[in-house]
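A short worksheet on the structure shown next.
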Number of protein chains: 2
Amino acid sequence: MLANLKELSEKLGLSQTTVSRALNGYPEVSETTRQRVIDAAREHNYAPDSSARRLATGKTRTIGHVVPISKHDMINPHFTDFIAGAGAVYNRRGYDMLISVVDADKETETYRAMKRNRRVDGVIVHGPVASDARPGLLHSLGLPFVVHGRTLQDDDSYSWVDVNNRRAFAEATRYLIGLGHRRIALVNGWEHMVFARRRREGYEEALREAGIAVDPLLMSSNEMIEPVGHEAMTAFLASDDPPTAVLVASALSALGVMGAVREHGLVPGTDISIISYDDKLSFLDIGPDGMGLTVIRSGIGEAGRHCADMLIDMIEGRRGIVHMLLEASLVPGTSTGPPAGVAVSGKSAAGR
Amino acid sequence: MLANLKELSEKLGLSQTTVSRALNGYPEVSETTRQRVIDAAREHNYAPDSSARRLATGKTRTIGHVVPISKHDMINPHFTDFIAGAGAVYNRRGYDMLISVVDADKETETYRAMKRNRRVDGVIVHGPVASDARPGLLHSLGLPFVVHGRTLQDDDSYSWVDVNNRRAFAEATRYLIGLGHRRIALVNGWEHMVFARRRREGYEEALREAGIAVDPLLMSSNEMIEPVGHEAMTAFLASDDPPTAVLVASALSALGVMGAVREHGLVPGTDISIISYDDKLSFLDIGPDGMGLTVIRSGIGEAGRHCADMLIDMIEGRRGIVHMLLEASLVPGTSTGPPAGVAVSGKSAAGR
DNA sequence: TTGTAAGCGTTATCAC
DNA sequence: GTGATAACGCTTACAA
């Protein structure tokens, strides 16, 4: 139970310098002494004081995450899985994770404070919006950062990890078109969020390729929670010319969409096709192994791991600006099939 | 853009001591100088280096949360809302939140390391199990802590914030009994978690009071996720003597239970009654304003706030061991009513 | 009311 | 290989 380096070195009859070097793996110390020091440290349960070490080195070995909390006290459910991924990396590489939950309008000030107090070595930026001020701010502060997602412009001036949302939604749309669908609805997230915007672009791109007109009546953009998905889908189904397929932007929204579909007495995969984006939330599996939906999947935990590794590499000077575009994969479930009318004729035609 | 106290004090023609005192609100400094110092600090964007301050004071002003991650990479979805609540308090009181995501079997070592490195002033313990080693460990380490929940024994030797789970489930059960139900099922969480155990006790207590036999065939204890709730409820409904009501331990389980009920063509509130525990998850509202269920509700964010306040009070020496038992409240929705048979006769009898 | 100087527990820079 | 010694940037007795 030794408090500090001084006492430990005295007990060993060595200087603090040598003990410190031995413990930190410096090469110039003899193997015998190193072993002696390590044993003594373990025996006396010694470990360096993190504050003292930080003061001496100037490195905090801490990564900050600012979590803005908006009016409805809503905190992004994806966040949990992201930090689970990032946290594992921090752990492995000897970094700490500092999370600051702040009012949405105080986010800027929080970054400034983190820099001023030298509280962290870098930060992860979550949920970029179309014209996001944070990259510029962090640049001017000189605080290393990695963005989870991308802004719309100047995204080559900083490091990011993003999913190819545009392609993911284009492919999902093509998949539905390939099945014979032409009335395809989109239940999207708020489009000031860049990922939502790109998803719509991908969706529209695929429609245009196929010569299908983009119908604003088949698109909704809103919060990604159950009741909202429910409401959007209910409205679509009540329209004059309802969709035969729908693309959903999140697992939570998909819950609501499924509810609406069921209430209308429709069977997913037969009467209507559903594809949802799936972040692989640990507590809610909407994919084939869970609720059975056809999904476009890209793990958010994986994104967290990449962000963490990239940021640490950057902080340690091993890497500069990097862009990582993860591809989502379409995983077929039971919620997709040919449109109701086409299905039978198409299949029987092929069968004969 | 002044780096440190020294430069700032030189620029002001004052000693570091005076500047430090002025900034930290010590009373012995004159109001004029204090104002001058504060203005200069703001002008030069000065704030003390957190590591240096921590080294000098011996206080880290940091609270640790250890998040064990188990085999399935499952991370408790409630966690997000808890830290949103706790984080707001940390923020307000000038504390930082350190989150350590570790393999479940490394939790003990993580607490030890936090103490050894003097990394935090205290920790919050999540998800206590029946015979939990953590309170004992933290006690012996001399690391202040507050438990969210309680262990089964020795829960007066440490501070905790818990919901009166026993009473909550007893009252919910009584409510159902009052409506005329006698076959009441329980879809519970894993019962090595103390809160789940207490919930079952409350449920059984109310049954016994009413002279209803506890039927093991009406109880399930498992992970609190959608598919598991679905499976449990499906099994209950398929039995010879199916329940007319069910008590569910979490919002996610309730999702599955609702699905099973619907698939059996039953209408909640009419054909079968459902009451679910509701942690007020920010992203999933199963209560009357959302999915409409009758719920037993106690906010998990509130629990987070209390834990944080209690721990800080304890660290700052303002408070000793405190126990806070929050009462959940039953919020009637549309998922409860008299049992199908009893309903009509009961009502009509009363009407005449 | 203000200042001097001694810590706090490390790591880093030189010597030897 | 090892050891003095000076930072690191702050707080806090103790003096004045």
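Letters go in sequence order (proteins before strands), and every chain restarts at 1.
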Requested in this report: Please name the residue in the list Arg118(B), Lys115(B), Arg54(B) that meets the salt bridge (Lys or Arg N to Asp or Glu O under 4.0 Å) test with Asp49(A).
Outcome: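 When Arg118(B), Lys115(B), Arg54(B) are each tested with Asp49(A), the salt bridge (Lys or Arg N to Asp or Glu O under 4.0 Å) holds only for Arg118(B).
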
Report task. Please work out whether the ring planes of Trp160(B) and His323(B) are parallel, tilted or perpendicular, with thresholds of 30° and 60°. Result ->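 Trp160(B) vs His323(B) ring planes: parallel.
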
**Report entry** Steps toward side chain to side chain contact (heavy atoms under 4.5 Å, CB included) verdict (Val123(B), Arg134(B))
**Finding:** CA-CA 11 Å; Val123(B) 298; Arg134(B) 292 171 293 177; over 6 Å; no

Query raised in the report: OP1 or OP2 of dT2(C) sitting under 4.0 Å from any side-chain N/O of Ser15(B)?
Result: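 Indeed not, no polar side-chain atom of Ser15(B) lies that close.
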
**Report entry** Short side-chain N/O contact to dT2(C) OP1/OP2 from Ser30(B), under 4.0 Å
**Finding:**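 Yes, Ser30(B) has a side-chain N/O under 4.0 Å of OP1/OP2 on dT2(C).
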
Query raised in the report: Of Val19(B) and Glu28(A), whose closest DNA chain C nucleotide lies nearer the 5' terminus?
Result: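 The residue mapped nearer the 5' terminus is Val19(B).
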
Between [X] and [Y], is there a side-chain N and carboxylate O pair less than 4.0 Å apart?
| X | Y | answer |
| --- | --- | --- |
| Arg34(B) | Glu31(B) | yes |
| Lys11(A) | Glu43(A) | no |
| Asp309(A) | Arg92(A) | yes |

Query raised in the report: Using a cut-off of 4.0 Å between protein heavy atoms and nucleotide atoms, how would you tag nucleotides 6-16 of chain D 5' to 3' with B, S and -?
Result: --BBBBBB---

Query - Residue that, paired with Ile300(A), satisfies side-chain contact (heavy atoms from CB on, under 4.5 Å) out of His148(A), Lys280(A), Arg305(A) - result: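 Result for side-chain contact (heavy atoms from CB on, under 4.5 Å) with Ile300(A): His148(A).
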
**Report entry** Interatomic distance, Asp132(A) atom CG to Leu138(A) atom CG [nearest 0.5 angstrom]
**Finding:**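 Rounded to the nearest 0.5 Å, the CG-CG separation comes to 9.0 Å.
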
From [atom1] of [X] over to [atom2] of [N], roughly how many Å is that when rounded to an integer?
| X | N | atom1 | atom2 | result |
| --- | --- | --- | --- | --- |
| Lys59(A) | dT10(C) | NZ | C1' | 16 Å |
| Arg61(A) | dT11(C) | CZ | P | 12 Å |
| Asn117(B) | dG9(C) | CG | C1' | 13 Å |
| Glu10(A) | dG9(C) | CD | C1' | 13 Å |

Report task. Report the end-to-end axis angle of the helix from dT1(C)-dA16(D) to dC16(C)-dG1(D); each axis comes from five terminal pairs, and the value is rounded to 10°. Result ->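 The angle, to the nearest 10 degrees, is 30°.
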
